[in-house]
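Excluded from the calculations below are hydrogen atoms, water molecules and symmetry mates; all remaining heavy atoms, backbone and side chain alike, are included. A quick note: this is a predicted structure, and the numbers were derived from the prediction, not measured. Numbering of ligands and ligand atoms starts at 1, following listing order.
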Amino acid sequence: MIIDERLSTYIDSISWDIPKYLKEVEKAALADEVPIIRRSMQSLISFLLEMKKPNAVLEIGTAVGFSSMFMSEYVPEDTIIDTIEKVPARICDAKENFAKYPQGDKIRLLEGDAADILAALVREQKQYDFIFMDAAKGQYAAFLNPIYDLLQPGGLLVTDNVLQEGDIIESRYAIRRRDRTIHGRMRGFLYEMTHSEQWDSVILPVGDGALLSYKKTNVKQM
Ligand code: SAM
């Protein structure tokens, strides 16, 4: 929790409501310890989707499908959501959830490692105007080049979990040895996104830290 827990509970209590079916999926995911977007992140994403009205959405990190079903509630009727997942058990649960979900036909599950799938989507010259990145934190920087190619100029990239439960502000030596690589990579990723000619980014202390990045339309040629 990167903001005061009582404050977070208060905000959720006044602003949060989702369809009953999604509440059940959320409850089951939390009981199974599947990490899904927190309520504050849900509020931010639904707000951004309603404002942006994207034609095509890409998600990296489906888990059991909660966030893709959630996003499908807030996009225009004919918008398709592509979502990538590599873990077979999660793919299986997500398929089951999508099959039962009234708007499941708006969601296309792309099975496999995001590195391969993103490369394939670039080869197909796919274009999205909203991308949600919620996968392995250590890979965010590596996914950036294909994401840049897949996002239309003026498109929005939303990245979750960038403040790592607050650990991002700690010195490398205060971080458990096995987490130091991810910690360093995330710091590098945040620096790159906030000092870029190609992106305009803002870091928000929402959920576990959200990075909003807008793909600039007037990039200076080097
Ligand atoms: N977005 C989901 C939600 O809120 O309902 C939660 C996603 S969970 C935080 C991250 C998911 O990304 C995990 O299910 C994990 O298996 C998947 N993942 C991590 N690295 C991946 C990769 N390289 N390719 C595909 N999926 C990946």
Ranked by distance from atom 13 (C) of ligand 1, the top protein heavy atom is Arg90 NH1, 3.2 Å
Met41: heavy atom below 4.0 Å from ligand 1, yes or no? no
Using modelled atom types and a 3.5 Å cut-off, is there a donor and acceptor pairing between side-chain atoms of Asp160 and backbone atoms of Asp134? no
Drop me the distance from Arg90's CZ to Cys92's SG, to the nearest 0.5 angstrom. 12.5 Å
Between Met51 and Ile45, is there shared hydrophobic-cluster membership here, with clusters defined by ILVMFWY side-chain heavy atoms closer than 4.5 Å? yes
Close N or O approach (Pro35, ligand 1; < 3.5 Å): no
Protein contact of atom 3 (C) of ligand 1 - nearest heavy atom, named by residue and atom, plus distance: Ser67 OG, 3.0 Å
Give me the residue, atom name and distance of the protein heavy atom closest to atom 19 (C) of ligand 1. Ala136 N, 3.4 Å
Any atoms of ligand 1 less than 4.0 Å from a non-hydrogen atom of Gly61? List them with their elements. 1 (N), 2 (C), 6 (C), 7 (C), 11 (C), 12 (O)
Identity and separation of the nearest protein heavy atom to atom 18 (N) of ligand 1: Ala135 CB, 4.0 Å
Heavy-atom nearest neighbour of atom 16 (O) of ligand 1 within options Lys86, Met71, Gln139, Glu85: Glu85
Ligand 1 contact by Thr62, heavy-atom criterion under 4.0 angstrom: yes
Identified side chain to side chain contact (heavy atoms under 4.5 Å, CB included) counterpart of Tyr128 within the set Ile80, Asp82, Val57: Asp82
Output the list of atoms in ligand 1 that are nearer than 4.0 Å to some heavy atom of Gly112, sorted by atom number. 24 (N), 25 (C)
Short N or O distance, Ala114 and ligand 1, threshold 3.5 Å exclusive: yes
With a cut-off of 4.0 Å, which atoms of ligand 1 are near a heavy atom of Glu59? 1 (N)
Polar-atom distance check: Ile37 versus ligand 1, any N or O pair below 3.5 Å? yes
Per-atom filter on ligand 1: closer than 4.0 angstrom to a heavy atom of Phe66 are 5 (O)
Validation row: Ile182, Ile175 side chains within 4.5 angstrom (heavy atoms): no
Donor-acceptor pair, side chain of Asp129 and main chain of Asn55, under 3.5 angstrom: yes
Is any side-chain heavy atom of Leu157 closer than 4.5 Å to a side-chain heavy atom of Trp199? yes
State, with a plain yes or no, whether a side-chain heavy atom of Ile203 is found less than 4.5 Å away from one of Met193. no
Angle class for the Tyr74/Phe70 ring planes (parallel below 30°, perpendicular above 60°, tilted otherwise)? tilted
Verify same cluster id: Val87, Leu109 (apolar side-chain graph, 4.5 Å): no
Among protein heavy atoms, which sits nearest to atom 10 (C) of ligand 1, and what does the distance come to when rounded to 0.1 Å? Asp134 O, 3.1 Å
Could you tell me whether Lys100 and Glu24 make a salt bridge, using a distance below 4.0 angstrom between a side-chain N and a carboxylate O? no
Within reach of ligand 1, part of Val64 (heavy-atom separation under 4.0 Å): neither
Within 4.0 Å of some non-hydrogen atom of Asp113, the atoms of ligand 1 are 23 (N), 24 (N)
Any sub-3.5 Å donor-acceptor pair from Gln125's side-chain atoms to Leu150's backbone N or O? no
Ser68: heavy atom below 4.0 Å from ligand 1, yes or no? no
Could you tell me whether Asn161 and ligand 1 have an N or O pair separated by under 3.5 Å? no
